[in-house]
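Computed from a predicted structure; not experimentally measured. Each chain gets a letter, A, B and so on, in the order the sequences are listed, and its residues count up from 1. Note that these values count all heavy atoms, side chains included, but never hydrogens, waters or copies made by symmetry.
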Protein chains: 2
Amino acid sequence: MPTIKDVAKHANVSVATVSRVLNENGYVNEDTREKVLESINKLDYQPNELARTLYTRRSRMIGLIVPDITNPFFPELARAVEDVTNAKNYTFILCNSDDQVLKEKNYIDVLRKKYVDGFIIVTSTLTNDHLEGINTPVVALDRNFEPDIPCVSADNYHGAKLAVEHLHNIGCKKIAHVAGPEFVMNAQHRLRGYLDMVADKPFFSEDLVVNGDYHLQNAKEATMNLLKAHPDIDGIFVGNDLMAVGVLKAAETLAIKVPDQLSIVGFDGITLGETTSPALTTIAQPIYDMGAKATNLLMDMIEGKPVEETEYTFPVQLVERESAKKGMMLSE
Amino acid sequence: MPTIKDVAKHANVSVATVSRVLNENGYVNEDTREKVLESINKLDYQPNELARTLYTRRSRMIGLIVPDITNPFFPELARAVEDVTNAKNYTFILCNSDDQVLKEKNYIDVLRKKYVDGFIIVTSTLTNDHLEGINTPVVALDRNFEPDIPCVSADNYHGAKLAVEHLHNIGCKKIAHVAGPEFVMNAQHRLRGYLDMVADKPFFSEDLVVNGDYHLQNAKEATMNLLKAHPDIDGIFVGNDLMAVGVLKAAETLAIKVPDQLSIVGFDGITLGETTSPALTTIAQPIYDMGAKATNLLMDMIEGKPVEETEYTFPVQLVERESAKKGMMLSE
DNA sequence: GTGAAAGCGCTAACAG
DNA sequence: CTGTTAGCGCTTTCAC
């Protein structure tokens with residue numbers, strides 16, 4: 001691999017001059033410019049990013065930290081981040097935290113040592129203390145974790161209300177909620193949305209809310225218990241689509257027909273929801289747009305552009321598929 | 001951030017000495033060692049990986065290139081790679097190629113400039129020509145693409161036979177195949193396995209094989225056409241689980257009952273297959289083990305250990321769930 | 001306009 | 001055993 005020195009020698013100039021044409025910075029005679037460019041071409045010279053980074057302290061890499069890469073929501077998000085970073089000639093590094101602060105911290109440490117230019121973090125457990133002394137730009141995605149860190153997320157509260165409202169509209173008389181982990185901000189908002197819709201209804205009692213931890217299996221088990229204790233539940237709003245699949249499974253196991261006997265509405269709008277039987281009615285977030293927005297935002301911060309807002313909330317949307325339909329109680 | 005110089009000054013030694021205790025290499029007096037260690041602690045010094053890399057040409061990073069991060073198979077694989085790289089103090093960079101040589105090449109270029117120590121590549125389109133001049137270790141995963149590149153994959157051919165055999169055993173009389181892309185090696189092997197089992201059967205005709213391109217939607221459409229043309233098909237071996245979900249969908253759309261009227265066997269053993277209704281009978285690969293093996297293999301190559309074998313084939317296994325069951329034709 | 005030289009933070013001869 | 005020094009490949013003052 002040729003170095004800048006080789007190019008300089010070949011073109012009969014100094015390395016400084018080569019560097020100047022490389023970075024299009026400083027004066028350089030048109031003729032020598034041509035000469036240098038020619039040498040670069042001839043030698044197939046590629047600047048060494050690393051050496052560059054060592055000096056400039058910019059690596060053109062960003063880190064994306066997500067809690068669970070096997071939840072399809074995050075690959076879809078990652079896909080957006082990838083496209084934007086690529087388009088801007090950046091590289092992104094995907095990190096999986098399992099929602100463990102320790103792993104998050106570790107990744108941040110490792111990546112900072114590699115001079116990454118910024119982080120996009122999906123986290124519930126990280127606080128400013130962990131970020132202390134980091135002057136690397138950070139944007140929060142999907143879950144906001146510190147007031148002064150720009151955050152891109154969906155309108156979780158409103159989405160939850162939308163979901164419950166829909167279940168109500170199609171005639172459900174007793175609506176339960178399978179929630180995400182308590183420590184996850186968006187799960188809280190979704191829960192709150194649910195509660196604000198049903199808390200004053202006569203059918204409501206606190207044990208209509210169970211915890212599924214954003215995991216399929218946990219959701220399935222929690223739902224089995226829920227449905228056994230309350231056989232008259234006819235609608236469930238589930239905190240995310242992955243868990244909703246678990247709820248679907250639970251219903252199947254108990255031989256409860258969806259949507260005839262039980263209507264289910266999920267949250268997220270991941271592709272997985274289209275493929276279940278019945279296909280999942282859900283509150284869809286603009287996943288790709290959110291990922292892209294977060295990435296663009298981060299790039300702007302990296303490039304020193306001022307960030308106007310600190311909170312970007314994306315609208316959500318009810319997607320009617322099969323798991324929640326107007327049924328027999330339509331007349332209501 | 002303190003540098004090695006700061007530590008040297010603090011400990012009243014030269015940078016060389018600090019470097020020596022850092023790398024545990026060369027002689028250094030126990031007392032001065034202590035002293036240096038103390039300074040390192042006091043200053044909370046962290047060696048700059050980048051500067052190190054520039055000199056050693058080793059970055060402790062590897063690249064993982066996969067064709068489609070939104071196919072759950074690959075996150076599961078990535079998960080294994082992540083765990084192993086972390087355990088060995090490496091970082092991995094995930095790249096998505098969309099099965100496009102151009103993107104693959106581009107990623108390889110970019111990452112090489114960042115001095116990554118090795119690549120794990122899932123590809124069908126890359127050839128040695130593209131890797132020419134790369135003296136970075138490479139291992140192929142899931143799909144072998146060049147004879148002299150070590151490859152970790154599953155026994156696709158045998159798995160396919162297993163699948164067809166199972167369909168046969170439970171009484172299927174007319175077994176079709178939804179294949180993956182022709183240019184993908186493992187898809188070829190699976191197709192061959194199928195053909196070797198059925199080519200001499202009276203029911204067989206070439207149009208029992210359709211192409212689903214390893215995509216859910218394509219598989220669904222292809223299957224709709226297939227089932228319309230051959231309503232008497234009672235068993236389908238599908239090239240991967242993702243497509244099998246599409247096949248399930250197709251059957252549902254046509255009001256064909258699975259497994260009562262039609263048995264379906266997939267391939268891969270991804271978690272998604274447990275969550276469909278009916279749950280997917282499939283040929284499971286040891287996905288995590290394969291990912292881990294490939295990573296360990298790559299690490300060994302990076303560390304200069306000799307590689308004994310060049311082909312690591314993992315056994316596959318029939319996982320019986322609900323989409324293929326002994327049905328009415330059991331008596332056969 | 002262009003080149004010499006210092007330096008980004010670290011490693012590895014080479015002396016002593 | 002330890003320090004001096006020359007790089008790794010690039011960028012950027014500062015002279016000329």
*Side chains of A:Glu104 and A:Thr125, donor plus acceptor under 3.5 Å*: yes
*Does a donor on one side chain sit under 3.5 Å from an acceptor on the other, for B:Asn96 and B:Tyr107?*
no
May I have the distance from [X] (atom [atom1]) to [N] (atom [atom2]), rounded to whole angstrom?
X: A:Asn12; N: C:dG1; atom1: CG; atom2: C1'; answer: 16 Å
X: A:Ile4; N: C:dG7; atom1: CD1; atom2: P; answer: 19 Å
X: B:Glu30; N: D:dC1; atom1: CD; atom2: P; answer: 10 Å
X: B:Lys5; N: C:dG9; atom1: NZ; atom2: C1'; answer: 8 Å
X: A:Asn48; N: D:dG7; atom1: CG; atom2: C1'; answer: 14 Å
X: A:Tyr27; N: D:dC14; atom1: OH; atom2: P; answer: 16 Å
X: B:Asp6; N: C:dC8; atom1: CG; atom2: C1'; answer: 13 Å
X: A:Leu50; N: D:dT11; atom1: CG; atom2: P; answer: 12 Å

_Taking the basic N atoms (NZ, or NE/NH1/NH2) and the acidic carboxylate oxygens, is any pair closer than 4.0 Å for B:Lys88 and B:Asp83?_
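Salt bridge absent between B:Lys88 and B:Asp83.
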_Using a strict threshold of under 4.0 Å (side-chain N to carboxylate O), is an ion pair present between A:Asp109 and A:Lys114?_
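Salt bridge flag = no for A:Asp109 with A:Lys114.
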Short side-chain N/O contact to [N] OP1/OP2 from [X], under 4.0 Å:
X: B:Asn23; N: C:dT11; result: yes
X: B:Asn25; N: C:dA12; result: yes
X: A:Thr17; N: C:dG3; result: yes
X: B:Ser14; N: D:dT4; result: no

Over all strands shown, is [X] touching base, sugar-phosphate only, or nothing at heavy-atom distances under 4.0 angstrom?
X: B:Thr32; value: sugar-phosphate
X: B:Thr3; value: sugar-phosphate
X: B:Val13; value: sugar-phosphate

Atom pairs, N/O to N/O, protein against nucleotides 13-16 of chain C, distance under 3.5 Å?
none

_Of residues 33-47 of chain B, the positions that come close to DNA chain D - non-hydrogen atoms, cut-off under 4.0 Å_ =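 Those residues whose heavy atoms fall under 4.0 Å from DNA chain D, taken from residues 33-47 of chain B, amount to none.
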*When A:Asp117 is tested against each of A:Arg58, A:Arg112, A:Arg60 for salt bridge (charged side-chain N to carboxylate O under 4.0 Å, His left out), which residue passes?*
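Filter result, single survivor: A:Arg58.
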*From D:dC10, D:dC8, D:dT2, pick the nucleotide closest to the side chain of A:Tyr55?*
D:dC10
*Taking the side chain as C-beta and beyond, is there a heavy-atom pair between A:Ile270 and A:Glu76 under 4.5 Å?*
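When only atoms from C-beta onward are counted, A:Glu76 and A:Ile270 do touch, with a gap below 4.5 Å.
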*Can you tell if the side chain of A:Val152 reaches within under 4.5 Å of the side chain of A:Phe314, non-hydrogen atoms only?*
yes
*DNA chain D: B:Val28 or B:Arg57, which has the more 5' nearest nucleotide?*
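On the 5' side of the pair lies B:Val28.
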*Considering heavy-atom distances to DNA chain D, does A:Thr56 or B:Leu54 have its closest nucleotide positioned more toward the 5' end?*
B:Leu54
*Where do B:Thr136 and B:Val116 come nearest, in terms of heavy atoms and distance?*
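Closest pair (atom of B:Thr136, atom of B:Val116, distance): CG2-O, 3.7 Å.
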*B:Lys35 versus B:Ala11, closest heavy-atom pair with distance*: CE-O, 3.3 Å
*Does atom NZ of B:Lys9 have more than 12 heavy-atom neighbours from other groups under 6.0 Å away?*
no
